[in-house]
Amino acid sequence: LRPDTVGMQTSPNYLTHHFLIAMPHMADDRFDHSLIYLCDHSAEGAMGLVINQPSDLSLDDLLEQLAPELSGRTRQTVFNGGPVEPEHGFVLHDGERRWESSAELGPLTLTTSQDILRAMACGEGPQQALITLGYAGWGEGQLEDELADNVWLTTGRTPARGRRRRCSRRVAALCRCLGASSGARA
């Protein structure tokens with residue numbers, strides 16, 4: 001040790017705004033070939049959204065339950081965001097407009113209120129948005145343990161035009177961009 005570093009604490013390396021790519025030996029089928037955007041990561045745990053597992057639902061299906069008068073206007077895909085609270089919706093989006101329940105995530109915003117869905121149905125929502133039901137969550141130290149076990153590949157980098165890629169190809173494209181292979185389907 002250098003004398004000027006004795007007694008100094010190193011700050012933890014948190015991965016907020018990074019991506020997790022499930023490695024081929026992932027034992028949890030719910031995360032097989034998953035690409036997760038980490039919305040928050042701290043000493044208390046982590047929260048993220050799976051962004052490459054489309055569900056059989058669309059925004060129109062949600063609106064039939066929430067605002068039937070607005071249904072029939074959009075077929076935007078709703079994603080399986082993770083196994084935690086799958087009955088709750090999350091919208092990860094761009095733009096400066098704030099909704100009834102929004103949290104700034106730096107470059108993006110996470111909204112959980114229904115007003116954004118109504119606006120999206122009327123063409124007044126954010127230009128880029130990803131809708132999920134549920135999220136992926138980790139308790140204190142859980143994600144760090146999984147990272148130490150090499151269950152996840154992490155990166156803060158996204159491939160060009162990554163948002164426009166077909167969901168089934170996002171993981172493979174991101175791995176190619178990193179010079180790695182996740183075993184994901186191309």
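For the numbers below, each heavy atom of this structure counts, side chains included, while hydrogens, waters and symmetry mates do not. All figures in this text were calculated on a predicted structure; none of them were measured in a lab.
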(message) For the backbone of G139 and the side chain of Q142, can you confirm whether one donor and one acceptor N or O come within less than 3.5 Å of each other?
(response) yes
(message) Quick one: does any side-chain atom of Y14 pair with a main-chain N or O of A43 as donor and acceptor, under 3.5 Å?
(response) yes
(request) Please say whether more than 12 non-hydrogen atoms of neighbouring residues, nucleotides or ligands are located less than 6.0 Å from CD in E96. (result) no
(message) Could you tell me if the side chain of F19 sits less than 4.5 Å from the side chain of L38, heavy atoms only?
(response) no
(request) Report yes or no: does D115 contribute a side-chain atom to a donor-acceptor pair with the main-chain N or O of E100 at less than 3.5 Å? (result) yes
(message) Please check: side-chain N/O of D94 versus main-chain N/O of Q128, any donor-acceptor pairing under 3.5 Å?
(response) yes
(message) For the backbone of N150 and the side chain of H25, can you confirm whether one donor and one acceptor N or O come within less than 3.5 Å of each other?
(response) yes
(message) Does either side chain, that of Q76 or that of S58, offer a donor lying less than 3.5 Å from an acceptor on the other one?
(response) no
(message) So, taking the atom named CG in D149 and the one named CD in E144, what distance separates them when rounded to the nearest 0.5 Å?
(response) 12.0 Å
(message) Just checking E85: does its CD atom have more than 12 heavy atoms from other residues, nucleotides or ligands closer to it than 6.0 angstrom?
(response) yes
(request) Tell me yes or no: between the side chains of H17 and Y37, is some donor less than 3.5 Å from an acceptor? (result) yes
(request) Applying side chain to side chain donor-acceptor pair (under 3.5 Å) between T109 and each of R98, H93, R97, report the one that passes. (result) R98
(request) Determine which pairs satisfy ring-ring contact (aromatic ring centres under 6.0 Å, His included) with at least one residue from residues 113-135, sequence neighbours left out, and list them in order. (result) F90-Y135
(message) Could you check whether any side-chain N or O of S113 sits under 3.5 Å from a backbone N or O of S101, counting only pairs where one atom can act as donor and the other as acceptor?
(response) yes
(message) I want to check something: taking the side chain as every heavy atom from C-beta on, are L62 and M120 in contact at a cut-off of under 4.5 Å?
(response) no
(request) Apply side-chain contact (heavy atoms from CB on, under 4.5 Å) to V78 and L133, showing your working. (result) CA-CA 7 Å; V78 174; L133 290 176; 3.8 Å; yes
(request) Enter the distance from R118:CZ to W99:CH2 here, rounded to the nearest 0.5 Å. (result) 12.0 Å
(message) Quick one: does any side-chain atom of N52 pair with a main-chain N or O of H33 as donor and acceptor, under 3.5 Å?
(response) yes
(message) Can you confirm whether T111 sits close enough to L92 that some side-chain heavy atom of one is under 4.5 Å from a side-chain heavy atom of the other?
(response) no
